Amino acid sequence: MKTISYSQFGDADVLQMTEVVTPSVTDKTVLIKVKAVSINPLDWKIRNGEMKLMSGSKFPKKIGIDFSGVVEDTGNSIKSYKKGDQVFGLLNVFKGGALAEYIVAEEKDIAPKPKKISFEQAAAAPVVGSATIQIFQTLVSVQRGSEILINGGSGGIGMFAIQIAKMKGAIVTAVVSTSGLKVAKDWGSDFVIDYRKDDVLKAGKLYDIIIDLSNKMPYTKATTILKSSATYVHTAPGPKEIISSFLTNIFSNKKYKVLMLKPSLSYLITLTKYIDLGLSILVSKGYPFNDFKKAYTEVPKEQTIGKAVIVVGEETIESVSAIEP
Ligand SMILES: NC(=O)c1ccc[n+]([C@@H]2O[C@H](COP(=O)([O-])OP(=O)(O)OC[C@H]3O[C@@H](n4cnc5c(N)ncnc54)[C@H](OP(=O)(O)O)[C@@H]3O)[C@@H](O)[C@H]2O)c1
């Protein structure tokens, strides 16, 4: 079977398609024929070597975290799945390996694919959906009427965060670029701000919660528009942010939280409930498997509204929605 790996840190050119033996199930694992794999900022941050502390520097490394697919075989101890079941899930964030024709996953890393969404949409959901649910369950407390600012609202986490915050009754302001204004409104934002035209820091409004998804609004800036006991979330923390958040939380009423994704089956199940309630998942870009280098070259450089995925296998990319400019 074909898989994608790399033997040194670098840009998309380090990625290689190789032919390897199709993995076999062990007692407690499931063999999955992959249908689609999503593209996440974490993929290229790990591949560039920006996250060596967490990923380690041992090669070869594999790429791709979240996926959808069909169960091909099950280990003897697996009771919840059988051949032919449609599933979605995520592999170890720092080891990856989802971008392959077949993968082996543990039962705790997969859930039944929500019926009403396509394989592409299902692959797009696990990392950003789990991150959003982790933020709302463990980092911030969203009440009916909470004023929440989502800085970077038209990307992966933004798409889930806007919709779930609205389902919880929050008043949502999304900061997006011009091309993201329409979707941010469609997902339910009460207010949208175009960061290319207006500066949310100068808009004169204070927030109960700020979630920065752009990595461009540090706590030192966000604090100027936080209410007195409000919470700020940094989603791409390095050692500096982790230390700053620790110190801020000792000395300030305002809370500074950092996201460190800890995938959990319960997040996939909660995600499925939101999808059943009508949460929409926009996949605006789809690449065939053979175009993996193009995908990992273009997506980090270009704007993506919602998510981008790589489709594995013979399937055509029919369900990818086109975005009008
Ligand atoms: N810590 C963890 O465990 C963990 C887990 C998952 C994700 N993450 C991180 O969380 C972050 C968000 O993830 P994601 O998947 O949602 O990324 P994404 O899809 O790339 O979204 C980032 C958004 O930021 C927007 N943006 C860029 N510049 C901006 C600015 N100056 N002001 C406001 N918005 C701006 C982008 O909009 P335009 O494209 O329109 O410019 C884009 O919509 C990433 O850094 C990712 O690595 C961390």
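Each ligand, and each atom within it, is numbered from 1 in the order the structure gives. Residue indices begin at 1 and follow the sequence shown. Since the structure is predicted, the reported quantities are computational estimates derived from the model, not experimental observations.
In this structure the side chain of Lys33 never reaches within 4.5 angstrom of the side chain of Lys83, judged on heavy atoms. In this structure, the side chains of Ile65 and Leu42 come closer than 4.5 Å at one or more pairs of heavy atoms. The closest side-chain heavy-atom distance from Asn92 to Phe94 is below 4.5 Å. Looking only at side-chain heavy atoms (C-beta outward), Tyr81 and Pro112 come within less than 4.5 Å of each other. Between Ile148 and Ile211, the closest side-chain pair of non-hydrogen atoms falls below 4.5 Å.
Going from atom CD1 of Ile281 over to atom CH2 of Trp187 covers 10.5 Å, rounded to the nearest 0.5 Å.
Residue-level proximity to ligand 1 for Lys45 is carried by the side chain, the only part with a heavy atom below 4.0 angstrom. When non-hydrogen atoms are compared, ligand 1 lies under 4.0 Å from the backbone of Ser154 as well as from its side chain.
Close to ligand 1: Leu259, with a non-hydrogen atom less than 4.0 angstrom away. Residue Asn151 places a heavy atom under 4.0 Å from ligand 1. At least one heavy atom of Val128 lies less than 4.0 angstrom from ligand 1.
In this structure, the protein non-hydrogen atom closest to atom 41 (O) of ligand 1 is Tyr195 OH, 2.4 Å. Protein heavy atom closest to atom 39 (O) of ligand 1, with residue, atom name and distance, is Gln303 CG, 3.5 Å. Distance from atom 19 (O) of ligand 1 to its nearest protein heavy atom, with residue and atom name: Gly156 N, 2.9 Å. The protein heavy-atom contact nearest to atom 20 (O) of ligand 1 is Pro41 CG, 3.8 Å. Looking from atom 25 (C) of ligand 1 to the surrounding protein, the closest heavy atom is Gly152 CA, 3.6 Å. Regarding atom 12 (C) of ligand 1, its nearest protein heavy-atom neighbour is Leu213 O, 3.4 Å. For atom 8 (N) of ligand 1, the closest heavy atom belonging to the protein is Thr235 O, 3.5 Å. Regarding atom 26 (N) of ligand 1, its nearest protein heavy-atom neighbour is Ser214 CB, 3.6 Å.
His234 and Tyr232 have perpendicular rings, their planes meeting at more than 60° on a 0 to 90° scale where under 30° would count as parallel. Ring orientation note: the planes of Tyr256 and Tyr219 are close to parallel, at an angle under 30° on the 30°/60° scale.
When the options Thr132, Leu42, Leu261, Leu181 are ranked by their closest heavy atom to atom 3 (O) of ligand 1, first place goes to Leu261. Comparing heavy-atom distances from atom 28 (N) of ligand 1 across Glu50, Lys216, Gln134 singles out Lys216 as nearest. When the heavy atoms of Asp43, Ile157, Val258 are ranked by distance to atom 13 (O) of ligand 1, first place goes to Ile157.
In terms of N/O distances under 3.5 Å, ligand 1 is not approached by Met260. Looking at ligand 1, you won't find any N or O of Val127 less than 3.5 Å from one of its N or O atoms. At a 3.5 angstrom cut-off on N or O pairs, Lys307 does not count as close to ligand 1.
Relative to the six-membered ring of Phe119, Lys113 meets both conditions, a distance below 6.0 Å and an angle of at most 45° to the axis.
Crowding of Lys61 atom NZ: a count of heavy atoms from other residues, nucleotides or ligands under 6.0 Å exceeding 12. Taking a 6.0 Å sphere around NZ of Lys205, one finds it holds more than 12 heavy atoms contributed by other residues, nucleotides or ligands.
Shown in contact with Ser177 at under 4.0 Å from a heavy atom are these atoms of ligand 1, numbered in order with element: 38 (P), 40 (O). Numbered from 1 in the order shown, with element, the atoms of ligand 1 that lie under 4.0 Å from a heavy atom of Ala236 read 45 (O). Taking every non-hydrogen atom of Gly155 and a distance limit under 4.0 Å, the qualifying atoms of ligand 1 come out as 19 (O), 21 (O), 43 (O).
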* Which is it for Asp85 and Lys82 under the salt bridge (charged side-chain N to carboxylate O under 4.0 Å, His left out) test, yes or no, and what are the steps along the way? -> CA-CA 6 Å; Asp85 285 349; Lys82 60 180 185 324; 3.0 Å; yes
* After noting the C-alpha distance and the side-chain angles of Thr304 and Glu302, does the key distance pass the side-chain hydrogen bond (donor to acceptor under 3.5 Å, both in side chains) rule? -> CA-CA 6 Å; Thr304 301; Glu302 298 173 359; over 6 Å; no
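With respect to Asp186 and Lys182, a salt bridge is recorded, a charged nitrogen being found less than 4.0 Å from a carboxylate O.
Atom 36 (C) of ligand 1 is not flagged as protein-proximal [any protein heavy atom, distance under 4.0 Å].
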